[in-house]
Amino acid sequence: MSYLHRIEIEYCTQCRWLLRAAWMAQELLTTFEVDLHSVALKPGTGGAFIVRLNGEVLFDRKSFGRFPESKELKQLIRDSIDPERSLGHSDKPVN
């Protein structure tokens, strides 16, 4: 793939969500290691937990009323960058 993608995880420092953000970053780096330019952790406030792909919001905790599941976030990223790619055990079940 010639274009490498950037992921940003904005997390609330007041809520102490750094470990959650770092764990999610590790999961994404492991799954998409050849597709990513970077995964950035961005300190925020006010209950923020926002995941962006190339500047576009993929998941916002406040909008969904919950945190993203690792599997769910991987699927959202895959669907955006390479829809035909298999995620193995993290993939959607085939109906």
Side-chain angles (χ1 to χ4, degrees):
M1 205 169 229
S2 61
Y3 180 75
L4 297 179
H5 303 276
R6 296 173 188 265
I7 294 174
E8 176 184 277
I9 302 171
E10 182 178 347
Y11 65 94
C12 180
T13 57
Q14 297 164 315
C15 303
R16 305 282 188 220
W17 289 339
L18 172 60
L19 288 178
R20 182 185 298 263
W23 174 78
M24 189 63 73
Q26 177 234 310
E27 286 289 310
L28 298 176
L29 283 165
T30 300
T31 301
F32 299 103
E33 61 190 355
V34 299
D35 302 303
L36 298 178
H37 175 271
S38 61
V39 175
L41 299 179
K42 180 181 178 183
T45 58
F49 197 90
I50 304 167
V51 180
R52 295 178 181 89
L53 175 64
N54 301 322
E56 299 292 322
V57 174
L58 277 185
F59 196 99
D60 183 343
R61 185 195 67 80
K62 288 183 180 179
S63 296
F64 284 85
R66 61 180 176 80
F67 287 97
E69 297 290 330
S70 172
K71 176 180 176 177
E72 172 184 30
L73 200 51
K74 289 177 185 182
Q75 290 171 357
L76 287 169
I77 292 168
R78 181 273 316 271
D79 292 350
S80 293
I81 68 172
D82 189 3
E84 300 300 315
R85 180 179 179 170
S86 171
L87 291 174
H89 70 277
S90 291
D91 222 337
K92 297 175 185 173
V94 177
N95 294 331

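All of these numbers come straight from a predicted model, not from anything done at the bench.
Within the model, atoms NZ of Lys74 and OG1 of Thr30 stand 7.5 Å from one another, a figure rounded to the nearest 0.5 Å. The line from CG of Asp35 to OG of Ser80 is 12.0 Å long, rounded to the nearest 0.5 Å. The CG atom of Asp79 lies 10.0 Å from the CD atom of Glu84; values are rounded to the nearest 0.5 Å. Separation of atoms CD (Gln26) and OG1 (Thr31) is listed at 9.0 Å; rounding is to 0.5 Å.
Follow the hydrophobic side-chain contacts under 4.5 Å out from Tyr11 and you never reach Ile50; the two are in separate clusters. One hydrophobic cluster, built from ILVMFWY side chains closer than 4.5 Å, cannot hold both Phe32 and Val57; they sit in different ones.
The stretch residues 58-68 participates, sequence neighbours left out, in these side chain to side chain donor-acceptor pair (under 3.5 Å) pairs: Arg66-Glu72. The salt bridge (Lys or Arg N to Asp or Glu O under 4.0 Å) contacts involving residues 5-17 comprise Glu8-Arg52, Glu10-Arg52, where partners must be two or more places apart or lie in separate chains.
Crowding of Glu69 atom CD: a count of heavy atoms from other residues, nucleotides or ligands under 6.0 Å not exceeding 12.
With Thr45 contributing its side chain and Cys12 its backbone, the two residues share no donor-acceptor pair below 3.5 Å.
Side-chain atoms of His5 and Asn54 include a donor-acceptor pair closer than 3.5 Å.
For Leu41 against Ala25, the heavy-atom pair with the smallest separation is CD2-CB, 4.0 Å. Closest approach of Ile7 to Ile77, counting heavy atoms only: CD1-CD1, 3.6 Å. Of all heavy-atom pairs spanning Leu58 and Leu76, the tightest one is O-CD1, 4.0 Å. Of all the heavy atoms in Thr13 and Pro43, the pair that sits closest is CG2-CB, 3.6 Å.
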